[in-house]
Amino acid sequence: MSSPVLATGLAEAETLLSLPYAGEDYGLADCPVILVELTPADLSQWPTPETAELVKSTPAVMVASVPEDRDPTDTPKLAEICAPFDIVLASGDLSVALAIPASELDQIAAAATASPAAAVALVQLLRLSQGRTTADGLVAESLAYSTLQSGPQFQGWLASQPSRLVPDNPEPAVLAERDGSTLRLTLNRPERHNAFSAEVRDGLVEQLRAAWADPSLDGIVLDGAGPTFCSGGDLAEFGTTPDPGTAHRVRSVRSAAFWIDRLAAKTRVAVHGTCVGAGVELPAYAHDVAAHSDTTFRLPEVAMGLVPGAGGTVSIARRIGRQRLCYFALTNTEIDATTALAWGLIDRIED
């Protein structure tokens, strides 16, 4: 495994990143990770705008390591210094907002080495989408996702997958049941673990569009039939669109994420079992997400050579923060319901 480029402090990082062709050298590196080990001296001064801009504009995974011997009173300064970085590492006490254990550095470097193009695209996308509208974020995400679909890593992954036969199911892919002023929508492909197929997407969009136009609806409940809420994108359909441009066009105009976001205040999502990819990204738009205690969550797209493509770079970032999402998506880490609750990915655990 390649090792991340190491800078010993903010001043050294500024010098390193200011070198001619630095972006090209690090963005195209085998391991596009730059680790900046912050020192106590760094905390004695505010970062310059120039340093922050260099960190945010470098096409690499920028990781800050927080010093163990810091003064607790320096926490506000430390938070500002760490804000431009993509991931923040801390040893022992994780009092720094959105920090993860320093022991995860090897996993971060391994993930970036395995998927360098997707890793760089992920951090660039998350930086670009921060603070933007849902619509803008979804367009940016779709463009990145569509671009990576043509990349060698995703194509290699796709070629390695076995052919999948999709069983015929005459039932609606999304069940709709009205009870007074509440509409319950149920993902209804349990034999496919409610994989997010075009059929499921279209059924969900159709129902959500109708719900948005119905002022008599006070609430929407979204859940899934069978043992799994949603296992992510339907692998049987991966690579079946004519070309990435067409895929982007369809994804832009038929977006379940867009409609859930518009109806977020009315929407409650109940998740259980396995939540992968879209099964994590779509619920995160709702204002109320409840998870069974057995639920697990995972974003596998970067490991496939992609980025999250069902709206998660917008929805999950708003819930758990850009830096924690970067770690979560980059490393394909699986988290349980307790961790999801602590992060803010869900609102409560219900059995």
Side-chain angles (χ1 to χ4, degrees), residues 1-113 116 119-131 317 320-331:
M1 179 190 70
S2 300
S3 298
V5 175
L6 175 66
T8 58
L10 274 179
E12 291 82 359
E14 186 170 15
T15 299
L16 183 73
L17 300 180
S18 298
L19 294 174
Y21 312 116
E24 180 179 339
D25 291 344
Y26 302 131
L28 298 178
D30 291 338
C31 180
V33 177
I34 298 178
L35 172 66
V36 178
E37 292 188 319
L38 299 175
T39 67
D42 292 324
L43 308 186
S44 65
Q45 56 186 342
W46 298 104
T48 65
E50 292 76 16
T51 302
E53 188 58 35
L54 279 172
V55 170
K56 290 189 293 184
S57 62
T58 298
V61 183
M62 298 298 300
V63 181
S65 177
V66 174
E68 291 188 58
D69 54 348
R70 64 187 183 276
D71 187 329
T73 61
D74 285 329
T75 298
K77 291 183 181 180
L78 186 59
E80 183 167 341
I81 291 172
C82 291
F85 286 86
D86 301 306
I87 297 176
V88 179
L89 303 176
S91 300
D93 179 13
L94 299 182
S95 61
V96 181
L98 307 183
I100 61 170
S103 58
E104 296 296 310
L105 177 60
D106 286 345
Q107 186 180 5
I108 292 165
T113 301
V120 172
L122 174 69
V123 298
Q124 290 176 319
L125 175 61
L126 292 178
R127 297 170 194 167
L128 178 66
S129 298
Q130 189 171 25
I320 72 175
R322 173 178 65 86
Q323 293 164 324
R324 190 164 280 161
L325 170 56
C326 183
Y327 159 75
F328 184 34
L330 177 64
T331 60

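- Evaluated for a side-chain contact (heavy atoms from CB on, under 4.5 Å) with Pro59, the options Asp25, Val120, Leu28 yield exactly one hit, Val120.
- A donor-acceptor contact shorter than 3.5 Å links the side chain of Gln323 to the backbone of Cys82.
- Inter-residue side-chain proximity for Lys77 and Glu80 is flagged as unmet; no heavy-atom pair is nearer than 4.5 Å.
- Residues Pro67 and Thr39 are not in side-chain contact: their nearest non-hydrogen atoms beyond the backbone lie 4.5 Å or more apart.
- Partner of Leu330 under the side-chain contact (heavy atoms from CB on, under 4.5 Å) criterion, chosen from Asp86, Val123, Ile108: Ile108.
- Side-chain contact between Pro84 and Thr51 is absent, with no heavy-atom pair separated by less than 4.5 Å.
- Taken to the nearest 0.5 Å, the CD atom of Glu12 stands 9.5 Å off from the CG atom of Leu6.
- Judged purely by atom type and a 3.5 angstrom limit, Glu104 has no side-chain atom pairing as donor or acceptor with the backbone of Pro101.
- If you take CZ on Phe328 and CD1 on Ile87, they are separated by 13.0 Å, rounding to the nearest 0.5 Å.
- The line from CG of Leu105 to CD1 of Ile100 is 9.0 Å long, rounded to the nearest 0.5 Å.
- The CZ atom of Arg127 lies 7.0 Å from the CZ atom of Arg322; values are rounded to the nearest 0.5 Å.
- Residues Val33 and Val63 have side chains in contact (heavy-atom distance under 4.5 Å, counting atoms from C-beta outward).
- Minimum heavy-atom separation, Ala102 to Ser91: CB-OG, 3.5 Å.
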